[in-house]
Amino acid sequence: MSRLIVVTGASAGIGKATAKRFAENKDKVLLIGRREDRLAQAVKEIESSVEGADVALLALDMSDPGSVARLQEYVKSTGLSVSGLVCCAGSAPQAGGEDIDSVLIEWQEAYQSNVVTSVISVEGLLPVMADGGSIVLYSSIAAYRGSGGTGAYGAAKAALHSYVHTLAARLGPRDISANVIAPGYFAGTDFFGDRLTTARETMLVRQTALGRAGDPAEAAELGFYLCSPAGGYVTSQILQINGGSYHGV
């Protein structure tokens, strides 16, 4: 029987690669993101590369609690319960000035886009999630190393670590696993936008033990494993995938 998998932040990068990986498994995949045009392009790419892909899209801002009703309505229309939720949505806010107003804006934006989006997605889907299902949240190496600006991004990602431990304890009686993936530098994503200079990219690659950037498909494979029967006994874990760059080399 086909599973229903929900992937947020699915229009590009790791989110799109994750949606594709589940489509390859013949799962029914719902791609969620804020921009319908980019989601439509992602769906088109997956359908063109995966024969018989069963993929759909919903343009939603998961930082808005009002999105939950539409999301639940869609799930109920499929006649399926959610078997897997992979929350890839998130972004790093632009660092502002050093005045208190700028600092607060940076922190509010970091938590809104990285913590609130995951909390709304998870809590909104729990009523329609299947027992035995899986939840995967995306953190970052910044949760361990800190981040630029005033550190808001790294702190927001670290908040997901505490949240997932609580989720695992709450949902264990339903046999629902909950884990976090904390990636390092992955090429081919929108994370840096146009801010990634050649010098910085060289530094990020040099800091890995493997001497290369990650590929979104590699992160997608880990997310797929955590949502598979083989990964069913893995819960309340923070899994780093960074080519050995935690300590730097």
What distance separates [X] [atom1] from [Y] [atom2], expressed to the nearest 0.5 Å?
X    : Y    : atom1 : atom2 : result
N114 : E109 : CG    : CD    : 10.5 Å
I120 : D64  : CD1   : CG    : 7.0 Å
L167 : L160 : CG    : CG    : 9.5 Å
N179 : S139 : CG    : OG    : 12.5 Å
R170 : I176 : CZ    : CD1   : 9.5 Å
L30  : L85  : CG    : CG    : 10.0 Å

Taking all atoms of both residues into account, what is the closest heavy-atom pair of [X] and [Y], and its distance?
X    : Y    : answer
M129 : R174 : O-NH2, 2.6 Å
V122 : C87  : CG2-SG, 4.4 Å
L31  : A42  : CD2-CB, 4.0 Å
V115 : A159 : CG2-CB, 4.1 Å
V234 : Q237 : CG1-CG, 3.9 Å
S177 : G232 : CB-O, 4.4 Å

Around E218, counting heavy atoms of other residues, nucleotides and ligands shown, do more than 12 lie under 6.0 Å from its CD? yes

Heavy-atom count check: over 12 atoms from other residues, nucleotides or ligands less than 6.0 Å from K20 NZ? no

Using residues 75-83 as the side-chain source, report each donor-acceptor pair under 3.5 Å to any protein atom, sequence neighbours left out, with the distance given to one decimal.
| residue | atom | partner | partner atom | Å |
| --- | --- | --- | --- | --- |
| S77 | OG | Y74 | O | 2.5 |
| T78 | OG1 | V75 | O | 2.6 |
| T78 | OG1 | L80 | N | 3.1 |

Donor-acceptor check, side chain of [X] to backbone of [Y], threshold 3.5 angstrom: yes or no?
X    : Y    : value
S147 : G154 : yes
T117 : S63  : no
K157 : G146 : no
Q72  : V128 : no
R3   : C227 : yes
D27  : V29  : no
E201 : A199 : no
E106 : T150 : yes
T8   : C88  : yes

Evaluate the criterion side-chain contact (heavy atoms from CB on, under 4.5 Å) for residue pair V86 and Y138; output intermediate values, then yes/no. CA-CA 8 Å; V86 185; Y138 262 87; 4.0 Å; yes

Are [X] and [Y] packed together at the side-chain level, in the sense that at least one heavy-atom pair is separated by less than 4.5 angstrom?
X    : Y    : value
L239 : L226 : yes
P216 : T189 : yes
S245 : L204 : no
V180 : Y163 : no
Y144 : Q240 : yes
T208 : Y185 : no
L171 : L126 : yes
V68  : E123 : no

Shared hydrophobic cluster, Y111 / L104 (ILVMFWY, side-chain heavy atoms < 4.5 Å): no

Mind checking whether I105 and Y153 sit in one hydrophobic cluster, side chains of I, L, V, M, F, W, Y counted as touching below 4.5 Å? no

Using the rule given for salt bridge (charged side-chain N to carboxylate O under 4.0 Å, His left out), can you reason through R34 versus D61, listing the C-alpha separation, both sets of side-chain angles and the distance that settles it, and then say yes or no? CA-CA 5 Å; R34 288 178 297 177; D61 180 355; 5.2 Å; no

In plain terms, say whether D54 and K28 are close enough for a salt bridge, that is, a side-chain N and a carboxylate O under 4.0 Å apart. yes

Is the closest side-chain donor-acceptor distance between D99 and S102 under 3.5 Å? yes

Pair listing, salt bridge (Lys or Arg N to Asp or Glu O under 4.0 Å) test, anchored in residues 36-45, at least two apart: K16-E45, R35-D37, R38-D190

